[in-house]
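Just below is one structure, and these are the notes that go with it.
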Amino acid sequence: VLGYCRGNLAYSSYCISYSENCAYNKARNCQYYYVYCQPDATLLLGCYTEAGRAAFSGRMDIRVLSGVHCVACGILEADFANTMGTDEFYLLDDSSKGTAAWVCNEQLEGCFHTTAWSSIKCGTSTSGGTCEASLGGVVTADYLSGTLAEIVCARRRLDFQMLDADGRRLNESTDDGDAAADGDDAGDDGDAAGDDAGDDAGDDAGDDGDASAEATTVSQQCSWGNPTITDYFYDTSQCSQSGSLVYRLSMLYVYFAGCSFAVSTIFGQIVRLLLNP
């Protein structure tokens, strides 16, 4: 049992290969979300399990990405909503400077990519205000007044949805005389469905091949590691690591207990010899 706790999760095979499956980053992002963004003590405990942290990306630790609380929560909320997506956010390297991807202002040492700008801008902070004010300390003034200014938030988006719904109802009322054309379209849809089925089958086969290839490249190479859960697989280079905090403290207590027992035994034997010359 102690061997299962030996590995440092940050040094697992997925984490050292910068994979979105890194359990350490998934757990940290999950904890940040349920402590600061959507506080929930019950779901927070699930971050220590595979299923509980599965919805979060493991590419980056959100604390490294942005120190602005409102921005971090907006990114994690979008990541949580897109459970099956990958690469929701990541750091940019120096080669991205000067390109359209680099939207951070000069106050920040680095920059990052995220697909959640709209949810950040339209979101609310814990103080009840909007996150838009926080973006001034993250992105450039041009990006804030340009791209982000075009994002439609809650009230206007709701109005647009109502207008779209009214438009659809008007269109539906004029479509009653098009039943014959719809019949022709149904035949075409059947052909398209057959084509799509064939294409999807080929794509699924390719995806399965990729998945199996990934599974063969990640394996447990340390004798003390968990042999079944891929989150806890370690490469050979990590087998001699000092271990996690739990493991190190456990070994420290075991060492102290052994030393105490040895000293007590020796002391008792000395006293026994002195009392019985």
Side-chain angles (χ1 to χ4, degrees), residues 1-67 69 72-73 76 80 91 109-110 126 214-277:
V1 176
L2 194 59
Y4 282 8
C5 300
R6 178 174 176 177
N8 187 333
L9 203 56
Y11 298 133
S12 64
S13 298
Y14 280 138
C15 292
I16 63 176
S17 62
Y18 193 55
S19 168
E20 68 273 8
N21 295 319
C22 174
Y24 177 82
N25 289 337
K26 280 177 172 284
R28 290 305 186 190
N29 293 338
C30 178
Q31 290 171 334
Y32 192 100
Y33 183 76
Y34 289 124
V35 171
Y36 299 108
C37 306
Q38 297 290 336
D40 192 314
T42 302
L43 294 177
L44 177 62
L45 296 177
C47 296
Y48 298 100
T49 66
E50 232 181 339
R53 58 177 178 257
F56 297 92
S57 172
R59 181 75 69 182
M60 287 296 305
D61 185 337
I62 193 65
R63 299 172 300 171
V64 177
L65 201 71
S66 176
H69 169 74
C73 283
L76 287 180
F80 181 78
L91 285 175
E109 295 182 0
T126 52
E214 182 181 357
T216 57
T217 58
V218 179
S219 61
Q220 183 60 268
Q221 300 179 21
C222 299
S223 59
W224 44 262
N226 189 304
T228 57
I229 304 177
T230 56
D231 282 356
Y232 306 109
F233 283 0
Y234 295 89
D235 293 341
T236 304
S237 60
Q238 301 299 327
C239 292
S240 59
Q241 62 176 278
S242 57
S244 64
L245 179 63
V246 172
Y247 176 79
R248 283 178 284 153
L249 288 178
S250 298
M251 293 304 296
L252 180 64
Y253 293 144
V254 170
Y255 176 77
F256 281 156
C259 289
S260 300
F261 177 78
V263 171
S264 300
T265 301
I266 294 173
F267 181 76
Q269 291 300 321
I270 293 175
V271 171
R272 178 173 177 273
L273 293 174
L274 292 177
L275 293 178
N276 298 287

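Below, each value reflects all heavy atoms present in this structure, side chains not excepted, and no hydrogens, waters or symmetry copies. Everything quoted here is computed from the prediction, not taken from an experiment.
Between C259 atom SG and Y255 atom OH the span is 4.0 Å, to the nearest 0.5 Å. Rounding to the nearest 0.5 angstrom, the gap separating the CG atom in L9 from the OH atom in Y14 is 12.5 Å. Remark: L76 CG to C30 SG distance equals 9.5 Å, nearest 0.5 Å. Rounded to the nearest 0.5 Å, atoms OG (S13) and CD (Q238) are 8.0 Å apart. L275 CG to I270 CD1: the interatomic distance, rounded to the nearest 0.5 Å, is 12.0 Å. Note that CG of N25 is 9.0 Å distant from OH of Y18, once rounded to the nearest 0.5 Å.
Taking both residues in full, the closest heavy atoms of A23 and C15 are given as N-SG, 3.9 Å, listed atom of the first, atom of the second, then distance. Closest approach of D61 to Y24, counting heavy atoms only: OD2-CE2, 4.4 Å. In terms of heavy-atom proximity, A72 sits nearest to S66 at CB-O, 4.2 Å. Nearest heavy atoms, G52 versus F56: O-CE1, 4.5 Å.
In terms of modelled atom types and a separation under 3.5 Å, the side chain of Q241 and the main chain of N8 share a donor-acceptor contact. S19 places no side-chain N or O within donor-acceptor distance of the main-chain N or O of C22, the cut-off being under 3.5 Å. Distance alone, capped at 3.5 Å, places no donor-acceptor pair between the E20 side chain and the R59 backbone.
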Criterion side-chain hydrogen bond (donor to acceptor under 3.5 Å, both in side chains) on Q221 and T236, from CA distance to verdict: CA-CA 5 Å; Q221 300 179 21; T236 304; 2.5 Å; yes
Worked check of side chain to side chain contact (heavy atoms under 4.5 Å, CB included) between N21 and T230: CA-CA 9 Å; N21 295 319; T230 56; over 6 Å; no
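Side chains of M60 and L91 form a contact here, defined as non-hydrogen atoms less than 4.5 Å apart. Between Y32 and C37 the shortest side-chain heavy-atom distance falls below 4.5 Å. Side-chain contact between Y34 and P39 is absent, with no heavy atoms from C-beta onward closer than 4.5 Å. For the pair D235 and I16, the minimum side-chain heavy-atom distance is below 4.5 Å. With a 4.5 Å cut-off on side-chain heavy atoms, C222 and F233 do not count as touching.
Between D231 and R53 a salt bridge is recorded (basic side-chain N to carboxylate O distance below 4.0 Å).
By the 30° and 60° cut-offs, the orientation of the rings of Y234 relative to W224 is tilted.
Side-chain atoms of Y232 and E50 include no donor-acceptor pair closer than 3.5 Å.
With ring centers used as reference points, Y33 lies under 6.0 Å from F80.
Atom OH of Y48 has 12 or fewer heavy atoms from other residues, nucleotides or ligands within 6.0 Å.
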